[in-house]
Amino acid sequence: MSRFRPTFFIPLIAFLGLVMIGGLALQGTLSGSRNPNQLPSVLIGKPAPDVPLPLLQNNQAELALDAYRGQPLLVNFFASWCAPCRAEAPALEHLSKQISIIGIAYKDRPQDTRKFLQQYGNPFVAIGRDDDGRAGMAWGVYGVPETYLIAPSGQIKWRHAGPLTRDVITTQLLAKLAEMQ
Amino acid sequence: MIRSGLYILLIGVFVMGSARLIPPLISTANAITAEEMLADPLLENRARNLSQKLRCLVCQNQSIDDSDADLAKDLRREVRAQLVQGKTDEAILSDLRAKYGDFVLLAPPLAKNTMALWLAPIGFLLLGIAITLGVRRRASATAPSPISQAERAQIEALKQQHKTARTCDQP
């Protein structure tokens with residue numbers, strides 16, 4: 001019975017394989033290259049959804065994304081009740097010097113949105129009101145903040161769910177923007 | 001060794017269960033409130049059925065029927081609004097897929113990139129059957145063959161020898 005049996009090692013090899021897969025996934029998560037909370041957007045490469053929204057500044061007028069064709073554009077879903085939105089406010093302020101940013105107030109009350117902008121600054125060229133979250137649904141928004149990069153042609157090029165950090169801006173957003181120009 | 005085949009069968013069932021290819025044994029309480037429901041019981045029934053197939057993208061492992069998240073509520077409302085408009089179940093599912101991607105469906109559709117997921121349980125099942133059969137065949141092949149006449153004589157001789165040895169020992 002002391003014969004060498006290669007089948008004896010099959011469970012061991014299978015186990016080591018599982019450990020390796022788990023280790024790689026964990027390493028990806030820790031290094032930030034893999035984030036299970038980041039769902040890929042299916043709208044990448046598709047035209048930005050055209051959901052008519054009233055402007056925060058003026059109920060009677062509608063936000064028209066078409067008016068911004070011919071230049072790259074950022075669309076940022078935010079809300080006064082969203083803490084990470086406060087955290088990313090300085091980043092948006094900084095970005096607004098190089099790209100036009102449209103804000104969409106997601107499921108917020110206009111008076112709260114106004115107060116938020118007074119407190120944390122207003123980096124937006126225009127702000128649409130998505131009171132019931134229907135526009136968010138059309139864009140595939142599943143939490144605020146979410147930021148979309150729109151090409152001059154009106155196509156969605158990139159989406160980030162969660163606050164824009166320095167790392168996300170430099171390694172992803174600015175790289176995509178440079179690609180476009 | 002037969003046990004290892006059974007373990008692999010169990011793993012197969014577990015994989016199928018976690019991929020929601022078979023219905024969960026425990027159903028969690030649903031989050032729907034009375035005012036969300038449609039008056040038409042037929043439409044409401046379809047809405048409930050659809051809600052159980054759709055993933056809440058905030059909690060990710062609950063259906064929108066189970067989830068209390070705000071987004072789940074919005075999606076339930078959207079499903080019902082589209083049902084009232086007279087859309088078919090398939091049209092509603094494909095509309096939400098176009099916005100949120102395949103991930104919004106709790107049971108992933110059979111496609112090239114989900115082939116491994118769908119075929120893995122069958123693969124495990126076949127592997128389990130193969131191992132079980134292999135083990136049983138080997139067990140029957142290595143079963144001891146009946147002893148021959150010569151061997152029987154040898155045994156008798158040994159027994160005799162043993163007996164005489166024992167009687168000699170006695171004082």
Side-chain angles (χ1 to χ4, degrees), chain A residues 1 3 5-15 17-18 21 29 35-51 75 77 79-84 104-109 130-146 148 156 159 161-162, chain B residues 1 3-5 7-8 11-12 14-15 36 54-62 64 67 69-82 85 92-106 108-109 111 113 116 120 123-124 127-128 130-131 134-135 137-139 142:
Chain A
M1 279 324 270
R3 243 181 336 140
R5 288 213 321 236
T7 48
F8 178 78
F9 291 99
I10 287 178
L12 187 69
I13 290 164
F15 176 72
L18 281 177
I21 292 170
T29 311
N35 181 355
N37 289 326
Q38 271 285 350
L39 301 180
S41 173
V42 279
L43 290 166
I44 305 294
K46 301 223 169 85
D50 185 25
V51 183
V75 174
F77 284 80
S80 66
W81 46 263
C82 137
I104 296 181
Y106 178 75
K107 302 186 77 173
D108 207 358
R109 286 184 304 195
D130 185 19
D131 294 355
D132 58 1
R134 194 150 280 190
M137 207 173 278
W139 285 75
V141 168
Y142 63 99
V144 273
E146 271 189 34
Y148 295 77
I156 297 180
R159 187 268 291 265
Chain B
M1 269 305 248
R3 247 190 308 173
S4 66
Y7 285 148
I8 289 174
I11 293 171
F14 176 75
V15 169
E36 284 179 45
L54 290 165
R55 183 191 304 275
C56 166
L57 294 117
V58 180
C59 354
Q60 302 199 351
N61 274 334
Q62 273 188 312
I64 61 167
S67 172
D70 230 31
L71 182 68
K73 196 173 172 184
D74 290 350
L75 285 168
R76 286 198 295 266
R77 193 189 54 197
E78 178 68 19
V79 165
R80 283 171 175 78
Q82 293 197 15
Q85 283 168 24
I92 294 171
L93 290 178
S94 70
D95 174 69
L96 287 172
R97 259 173 88 182
K99 291 167 179 166
Y100 288 104
D102 288 346
F103 192 64
V104 79
L105 304 176
L106 277 169
N113 60 339
F124 274 115
L127 188 68
I131 289 181
V135 166
R137 186 172 312 154
R138 199 161 56 185
T142 54

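Chain letters run A, B, ... following the sequence lines, proteins first, then strands; residues in each count from 1.
Residues forming a salt bridge (charged side-chain N to carboxylate O under 4.0 Å, His left out) with K73(B) (at least two apart in sequence, or on another chain): none. Shown here are the salt bridge (charged side-chain N to carboxylate O under 4.0 Å, His left out) partners of D102(B), two or more places apart in sequence or in another chain: R97(B).
Heavy-atom distances place no part of K46(A) under 4.5 Å from chain B, backbone and side chain included. In this structure, chain A has a heavy atom under 4.5 Å from the backbone of A98(B), while its side chain stays farther away. Both the backbone and the side chain of D70(B) have a heavy atom closer than 4.5 Å to some heavy atom of chain A.
L57(B) approaches L39(A) most closely through the heavy-atom pair CD2-CD1, 3.4 Å.
At distances below 3.5 Å, at least one donor-acceptor pair connects side-chain atoms of Y100(B) with backbone N or O atoms of V141(A).
In terms of heavy-atom pairs under 4.5 angstrom with chain A, the leader among K99(B), E78(B), R77(B) is K99(B).
We find the CG-CE distance between L71(B) and M137(A) to be 6.0 Å, quoted to the nearest 0.5 Å.
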